[in-house]
Colleague: 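Below are the structure tokens for one structure; questions will follow.
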Amino acid sequence: VQLQASGGGLVQAGDSLRLSCAASGGTFSDYYMAWFRQAPGKERQFVASRRWTVGSDYYADSVRGRFTISRDRAKNTVYQQMNSLKPADTAVYYCAVGRGGGTKPNTYDYWGRGTQVTVSS
């Protein structure tokens, strides 16, 4: 399984970005897809997740109402729409796939390389 994340960049506070994560090399019908982020000197932090097929979305409190996770099954791609970005959202964002789901990184089996998001004030 390979995951390729893209869409990061440098934006100003209040701006929006959409991250993409293209998945290949497997079938994901039994998997959860997730986004994590890691700021310098901090642990990797859960951002959002959803099941590849049907089910609810889950969000960290810090992003709920501003971020939206979605997927395009035909393209095998997961997205994260990020609105009203804040400087505190600055981090490297990683997409992940795993059967367990949840908010802990160790429940995910496959990881993308990450894409940098920098939000200036």
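It should be emphasised that the depicted structure is a prediction, and the values quoted were computed from it without experimental measurement. Numbering of residues begins at 1 and proceeds along the displayed sequence.
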Colleague: Crowded around Gln4 CD? As in, over 12 foreign heavy atoms under 6.0 Å?
Modeller: no
Colleague: For Thr90 and Ala39, which heavy atoms make the closest approach, and how far apart are they?
Modeller: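 So the minimum-distance heavy-atom pair works out to O-CB, 3.8 Å.
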Colleague: Any heavy-atom pair between the side chains of Gln81 and Ser70 that's under 4.5 Å?
Modeller: no
Colleague: Are Val1 and Phe28 packed together at the side-chain level, in the sense that at least one heavy-atom pair is separated by less than 4.5 angstrom?
Modeller: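 SC-SC contact between Val1 and Phe28 confirmed.
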Colleague: So Asn83 and Phe67, side chain to side chain contact (heavy atoms under 4.5 Å, CB included) or not? Walk me through it.
Modeller: CA-CA 6 Å; Asn83 298 329; Phe67 290 12; over 6 Å; no
Colleague: Verify side chain to side chain contact (heavy atoms under 4.5 Å, CB included) between Val119 and Asp15, making sure each step is shown before the conclusion.
Modeller: CA-CA 8 Å; Val119 184; Asp15 285 350; over 6 Å; no
Colleague: What heavy-atom pair brings Ser62 and Arg37 nearest, and what distance separates the two atoms?
Modeller: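 Looks like OG-NH2, 3.4 Å.
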Colleague: Looking at Ala23 and Leu3, what are the two nearest heavy atoms and their distance?
Modeller: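 For Ala23 and Leu3, the tightest heavy-atom pair comes out as CB-CD2, 3.5 Å.
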Colleague: Specify the closest pair of heavy atoms between Gly8 and Leu19, including all atoms of both residues, with the distance to one decimal.
Modeller: N-CD2, 3.6 Å
Colleague: Taking all non-hydrogen atoms of both residues into account, name the closest pair between Arg51 and Ser29 and its distance.
Modeller: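 Looks like NH2-O, 4.2 Å.
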Colleague: Minimum heavy-atom separation for Ser84 to Asp89, with atom names?
Modeller: O-OD2, 4.4 Å
Colleague: Taking the six-membered ring of Tyr59, is the NZ or CZ of Arg64 close enough (under 6.0 Å from the centre) and on axis enough (within 45°)?
Modeller: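 No, Arg64 and Tyr59 do not form such a contact.
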Colleague: Hey, what else clusters with Phe46 if you join Ile, Leu, Val, Met, Phe, Trp, Tyr whenever side-chain heavy atoms sit under 4.5 Å?
Modeller: Tyr32, Phe36, Tyr58, Val92, Tyr94, Tyr108, Trp111
Colleague: Regarding Asp72 and Thr77, is there a side-chain donor-to-acceptor distance under 3.5 Å anywhere?
Modeller: no
Colleague: For Thr53, is there any backbone N or O sitting under 3.5 Å from a side-chain donor or acceptor partner on Arg71?
Modeller: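 At least one qualifying donor-acceptor pair exists.
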Colleague: Give the intermediate values and the outcome of salt bridge (Lys or Arg N to Asp or Glu O under 4.0 Å) for residues Asp30 and Arg99.
Modeller: CA-CA 6 Å; Asp30 295 332; Arg99 292 185 182 273; 3.7 Å; yes
Colleague: Are side-chain heavy atoms of Thr118 and Val11 found at a separation under 4.5 Å?
Modeller: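 The answer is no, as the side chains (C-beta and beyond) never meet within the 4.5 Å cut-off.
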